[in-house]
Every structure is written in structure tokens, then in C-alpha cells.
Amino acid sequence: MTRWSKPRVRWPWRPATVLCLLGLAATLFAGGAAFLPPTGAAPTVPVDGPGQESRPAAHDRIEGLRTRLRRLPTDHAGWAELGVLYVQRAQHSADPQFYAKAEQALRRSLGLRQKDNHLAMMGNGALAAARHEFSDAAAWARKALAAHPGHTASYGVLADALLQLGRYDEAFQATQDMVDRQPATPSLARASYAWELRGDTSRASALMRRALRSASTPADAVFARLHLALLALNDGRPKEALKGIEQGLRVEPDHPTLLGARARAHRALGDPDAAVADYRAAIDRVPHPSLLLEMGELLQAQGRTEQAREHYDLFRTTSGLFRQEGVAADAEEVLFEADHGQPARAVRLGREAAADRPFLATLDAYAWSLHKVGQHGQALPWANAALELGTRSALFHYHRGMIHHALGHRASARTDLERALDIDPHFHPLHAPRARTALDEIGPAQ
């Protein structure tokens, strides 16, 4: 075990040395998804910071770089920065076509300077992670660190990739190395997530509040408020979450992830109409698969099956676009197929995902897919593995509880289902009611 056998952050902080990657905040935290669905997937944070730009500012930066590179086509650092910005743009716009542009820009950078080009190496790691190619992401991050051992952003890419590969101690060590070098929003967010994975949401929230206090730009502050709100939502505290979300929306009123989080808070607080309105506003801004799926499940819970089906169809279409650009299926797509599509396909996707990137959320999704095709005995070890770190996830406990229920393990099923509802009684518009129904079927403890 490493010194991160319990995630560790040193106090008090020494003054932060801002090692900002050319002024940009980039792309990913554990998998490159631009949104945090309520499935246990990891949040998106800047690779390096502070200085996270708004989407219009990032667009202007791209156009400025393109103009500069037409004049100075041998600027390898400019091509590297453009590549990372394209990865960011793909995530913010839910348009995976920008990944191909990112690849071209990064290849151009390395063609101009192969040796010691740590920015392009880190960018390739970010791109690989965004495509869910985490072994490649880790390899590129290590190359970047070999070229520039103190490059903070590369530690972030490495930590994210190692998490998705299920190499938790190594990921926590890379996070500690990042914190040691720059205790700012990106590193503190990763440290927060390390505690969240271990089930200590109090310490995770404390670290995210430190990230908020260390934020040097309004966008960094919005990021920290968003993930504090998501911690509260996942912990069954929607009123607290809503307060933080509203603070963030005062800075960025059309931020799609904040709008999606507010929709979840409204749903948990018993206002589904407000939730639907927020989801619509978020989807109008960026039709990301996560938002489409959440909206569809809320509509299905309301009995609006035709509208739900329309959103599920859009989910398939947008997810298919990512597949066409080389992005491997993630836990969210496995769960979608298990619950709303083709469970046999979910098993195939889940098996591939669990082999390539055995992160907790992937293992949980694979377990659920096996359960949905009746392979309950095979599902249980995977569900156990998803909870091996003690993650406080209502959805994970629900999935394992229903697997136990199918196997006739009444006591274990009751424990997990009660745990799910104790963590968050509104964790899912469809599954939370089913958990209550299952508990009624199981009956009280003898």
C-alpha cells in the first residue's frame, strides 16, 4: 500500500505556485466526460489551472491560435495548445468531431518537435482519456513527465487514467504528487474525489471548499460550486445543493451542467416540472448524452413514455456519434442498454469496458447488465468489486441489493436497498421507487 492507502493532503498549504498550461484549463477528470451523471462516474476538472476559461473565451482562444499558426506554422507549443483546446471544445459542445482536429494538431506539434515536447505528450494523454483509451493516456502522461518531471497537468492526466484502470493506489499517489506541486483547483478536486471514492464525503466536501477558496477565476469558482453541489446531491442533500447551484448560475446562467444539476435538485425536492424545464434548457445549450438520458428517465417516471422514448432515441444517436469518432462505450451507455435498450448488448459492452478500464462505475454497470439478462450469480462478484473502496453510492447499493434480491439473499438485499435509500431517497426517478417496492416484497427483518 502507498502512503495514499488513505488519501492524504498535507496542511497547512504552502503558497501555490501557479503552473498554468499556457493560460488554459483543459479537459478531463477520469474519462473525459463533460458531465457528471448520477452513476458514480468521476467529475470533470481542469487538467491544470487556475484560469479556466468560459466557453466563448475558449472559442476566441482557438480562433486566435489558428490565426497565429497560419503566420507561425512551426510553433510546436501553439499546435499542442490548440490540440488540448480542441479536446476541451469536444467535451463542452458534445461534438466528438473536434477529437479528430485535436489529433491532427497534436500530431503536427510532435512532428515539429518530437523530443521533450511535454505539452503535446500531455495533450495526447488528455485526448486518449477523452476517448476512453486509458492505458494509452497513462503512457502518454508518463512520457510527458519523463520530459518534464515537474509538469503538474501531466500528473492530473496520469491520475485520471490510473483511476479508470482500477490502479487506485497509483492514482492516489499521482494525485498527491500533483497536490504537492500545485495545491489549486485541479489537484484539490482530484484529492476530493479520492476521498469520495473511499466513502468520506465530509472530507471530500472540505477539500472542494478549499478548491473554492483557492479559485483564482470566476469559472474556477463555478466549477468548485458545481462539484460541491453534486457531492450534496449524491449525499441526499438537495436543498444545500440547490443553494450552491444558484450561486454558480448567477455567474454562468446558461451553464448546461449546472442546469442539469439544478434539474436533479428540483426533482429531489418534488418539483418535476421545474426539473423538466431545466433539463430542456441544458439540452438546448448542449445535447449531451448524460442530459438526454436523465431527461428521458424523468419523463418515463412521469408516465410520458413517448417523450421519454424520443430522448432515448437522441441518446442513441449522440452516443453513436462518439462511437464513430473512436470513443469507447462508458458505464452510462452500458446502463442505458441494460435498462432501456438491449440487455444482451449491455453485457457485451460491459464485458469489454470492464476488461479495458475496470473502474468502479464500469464494474457496477457490468454487474447490472449481467443481472438484467438473468445471470445474477455472475453479477454479484462484479457488484461487490464496485463497492470495494467503500464508495457512498446509492445507485451501486441499489444494483447490488436487487442482485441479492434476485438470488434470494433477503438480509443482504434489505441491507443494500435500505442503504441506497438512506444515502439518497431520491437517487433515481425510476430505481428509487423500485427499491421501496422490493423492500416491501422482502419484508421486515426477522
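For the single chain, residues carry numbers from 1 onward in sequence order. Every heavy atom of this structure was used, including side-chain atoms; hydrogens, water molecules and symmetry mates were not. The structure displayed is predicted, hence computed values, not measured ones.
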Problem - Smallest separation among heavy atoms of Ile403 and Ala383, with atom names - result: CD1-CB, 3.9 Å
Problem - Partners passing ring-ring contact (aromatic ring centres under 6.0 Å, His included) against His405 (at least two apart in sequence or in another chain) - result: none
Problem - Working for salt bridge (charged side-chain N to carboxylate O under 4.0 Å, His left out), residues Arg348 and Glu352 - result: CA-CA 6 Å; Arg348 178 176 61 79; Glu352 294 171 357; 3.6 Å; yes
Exercise for the section: Would you mind reporting whether Leu293 and His311 have side-chain heavy atoms less than 4.5 Å apart? Expected result: no
Practice task
Check whether any side-chain heavy atom of Ser205 lies under 4.5 Å from a side-chain heavy atom of Leu228, and answer yes or no.
Solution key: yes
Completion exercise
Between Leu349 and Ala329, the two heavy atoms sitting closest are CD2-CB, 4.0 Å
Practice task
Answer yes if the side chains of Ser290 and Glu332 hold a donor-acceptor pair under 3.5 Å, and no otherwise.
Solution key: yes
Practice task
Could you pull out the closest heavy-atom pair between Ala159 and Arg190, with the gap in Å?
Solution key: CB-CD, 4.5 Å
Practice task
Check whether any side-chain heavy atom of Asn234 sits under 4.5 Å from a side-chain heavy atom of Glu196, and report yes or no.
Solution key: yes
Problem - Step-by-step side chain to side chain contact (heavy atoms under 4.5 Å, CB included) determination, Leu258 to Val222 - result: CA-CA 9 Å; Leu258 280 169; Val222 166; 3.6 Å; yes
Completion exercise
Separation between CG (Leu421) and CG (Asp416), nearest 0.5 Å, reads 11.0 Å
Exercise for the section: Would you mind checking if Arg392 and Asp235 are paired as a salt bridge, meaning a charged N to carboxylate O distance below 4.0 Å? Expected result: yes
Exercise for the section: Could you tell me whether the side chain of Glu297 reaches within less than 4.5 Å of the side chain of Pro429, counting heavy atoms only? Expected result: yes
Exercise for the section: Using atom types as modelled and distance alone, determine if a side-chain donor or acceptor of Thr201 lies under 3.5 Å from a backbone N or O of Ala204. Expected result: no
Handout entry: Pairwise side-chain contact, Tyr168 with Leu360, heavy-atom cut-off 4.5 Å (strictly under)
Key = yes
Practice task
Examine His227 together with Phe223 and report whether their ring centres are nearer than 6.0 Å.
Solution key: yes
Practice task
Indicate yes or no for a side-chain donor-acceptor contact from Arg285 to the backbone of Pro256 under 3.5 Å, with no hydrogens or angles considered.
Solution key: no
Problem - Counterpart residues, side-chain hydrogen bond (donor to acceptor under 3.5 Å, both in side chains), relative to Arg323 (two or more places apart) - result: Glu333
Exercise for the section: For side chain to side chain contact (heavy atoms under 4.5 Å, CB included), just list the numbers for Leu417 and Ile442, CA-CA rounded to whole Å, side-chain angles, deciding distance to a tenth of an Å, and then say yes or no. Expected result: CA-CA 10 Å; Leu417 295 173; Ile442 294 167; 4.0 Å; yes
Practice task
Measure the spacing between CD of Gln182 and OG of Ser214 and express it to the nearest 0.5 Å.
Solution key: 9.0 Å
Practice task
Determine the interplanar angle of the His399 and Trp368 rings, folded into 0 to 90°, and report it as parallel if under 30°, tilted if 30 to 60°, perpendicular if over 60°.
Solution key: parallel
Practice task
Decide side chain to side chain contact (heavy atoms under 4.5 Å, CB included) for Arg181 and Asp177; before the verdict, give the C-alpha distance in whole Å, the side-chain angles of both, and the deciding distance to 0.1 Å.
Solution key: CA-CA 6 Å; Arg181 285 161 176 78; Asp177 291 338; 3.5 Å; yes
Handout entry: Interatomic distance, Thr391 atom OG1 to Arg198 atom CZ [nearest 0.5 angstrom]
Key = 9.0 Å
Fill in the blank from the handout: Residues Arg304 and Val276: closest non-hydrogen pair is NH1-CG2, 4.1 Å
Exercise for the section: Step by step, work out the side chain to side chain contact (heavy atoms under 4.5 Å, CB included) result for Thr362 and Phe359. Expected result: CA-CA 5 Å; Thr362 307; Phe359 181 58; 4.1 Å; yes
Handout entry: Distance in Å, His151 NE2 paired with Met178 CE, rounded so as to fall on 0.5 Å steps
Key = 9.5 Å
Completion exercise
Quick note, salt bridge (charged side-chain N to carboxylate O under 4.0 Å, His left out) partners involving residues 421-443, not counting sequence neighbours, are Arg419-Asp422
Problem - Donor-acceptor pair between Gln342 and Arg345 side chains, under 3.5 angstrom - result: no
Problem - With sequence neighbours excluded, residues passing side chain to side chain contact (heavy atoms under 4.5 Å, CB included) with Ala420 - result: Ala394, His397, Tyr398, Phe427
Practice task
For Arg225 and Gln247, test the side chains for any donor-to-acceptor distance below 3.5 angstrom and give the result as yes or no.
Solution key: yes
Exercise for the section: Could you tell me which residues satisfy ring-ring contact (aromatic ring centres under 6.0 Å, His included) with His404, sequence neighbours excluded, listed by chain and number? Expected result: His409
Exercise for the section: Provide the full list of side chain to side chain donor-acceptor pair (under 3.5 Å) pairs with a residue in residues 377-390, sequence neighbours left out, each pair given once. Expected result: Asn384-Arg400
Practice task
Under the salt bridge (charged side-chain N to carboxylate O under 4.0 Å, His left out) rule, what do Lys372 and Glu337 come out as? Steps first, then yes or no, please.
Solution key: CA-CA 10 Å; Lys372 294 292 282 189; Glu337 291 293 347; over 6 Å; no
Practice task
May I ask you to check whether Asp160 and Gln164 show a side-chain donor-acceptor distance below 3.5 Å?
Solution key: no
Problem - Student check: side-chain heavy atoms of Lys143 and Asn124 closer than 4.5 Å - result: no
Exercise for the section: Check whether any side-chain N or O of Ser192 sits under 3.5 Å from a backbone N or O of Leu188 as a donor-acceptor pair, and report yes or no. Expected result: no
Practice task
With sequence neighbours excluded, tell me which residues meet side chain to side chain contact (heavy atoms under 4.5 Å, CB included) with Ala263.
Solution key: Ala275, Asp278, Tyr279
Handout entry: Distance (rounded to the nearest 0.5 Å) between Tyr86 OH and Leu106 CG
Key = 11.0 Å
Exercise for the section: Of all the heavy-atom pairs spanning Ser369 and Ala338, show the shortest one and how long it is. Expected result: CA-CB, 4.1 Å
Completion exercise
side chain to side chain contact (heavy atoms under 4.5 Å, CB included) filter on Leu321, not counting sequence neighbours, yields Pro96, Gln324
Exercise for the section: Flag the pair Thr152 / Ser187 as yes when at least one side-chain heavy-atom distance between them is below 4.5 Å, and no otherwise. Expected result: no
Fill in the blank from the handout: Across all chains, not counting sequence neighbours, the side chain to side chain contact (heavy atoms under 4.5 Å, CB included) partners of Ala261 are Leu226, Leu230, Leu233, Ile245
Problem - Counterpart residues, side-chain hydrogen bond (donor to acceptor under 3.5 Å, both in side chains), relative to Glu240 (two or more places apart) - result: Arg237
Exercise for the section: Could you list the residues that satisfy ring-ring contact (aromatic ring centres under 6.0 Å, His included) with Tyr312, not counting sequence neighbours? Expected result: Phe336, His340
Practice task
Measure the shortest side-chain to side-chain distance between Leu197 and Leu163 over non-hydrogen atoms and say whether it is less than 4.5 angstrom.
Solution key: yes
Fill in the blank from the handout: Across all chains, not counting sequence neighbours, the side-chain hydrogen bond (donor to acceptor under 3.5 Å, both in side chains) partners of Arg414 are none
Practice task
Kindly give the heavy-atom pair with the smallest separation between Leu165 and Ser135, and that separation in Å.
Solution key: CD2-OG, 3.6 Å
Problem - Pairwise distance NE2(His431) to CG(Leu395) - rounded to 0.5 angstrom - result: 6.0 Å
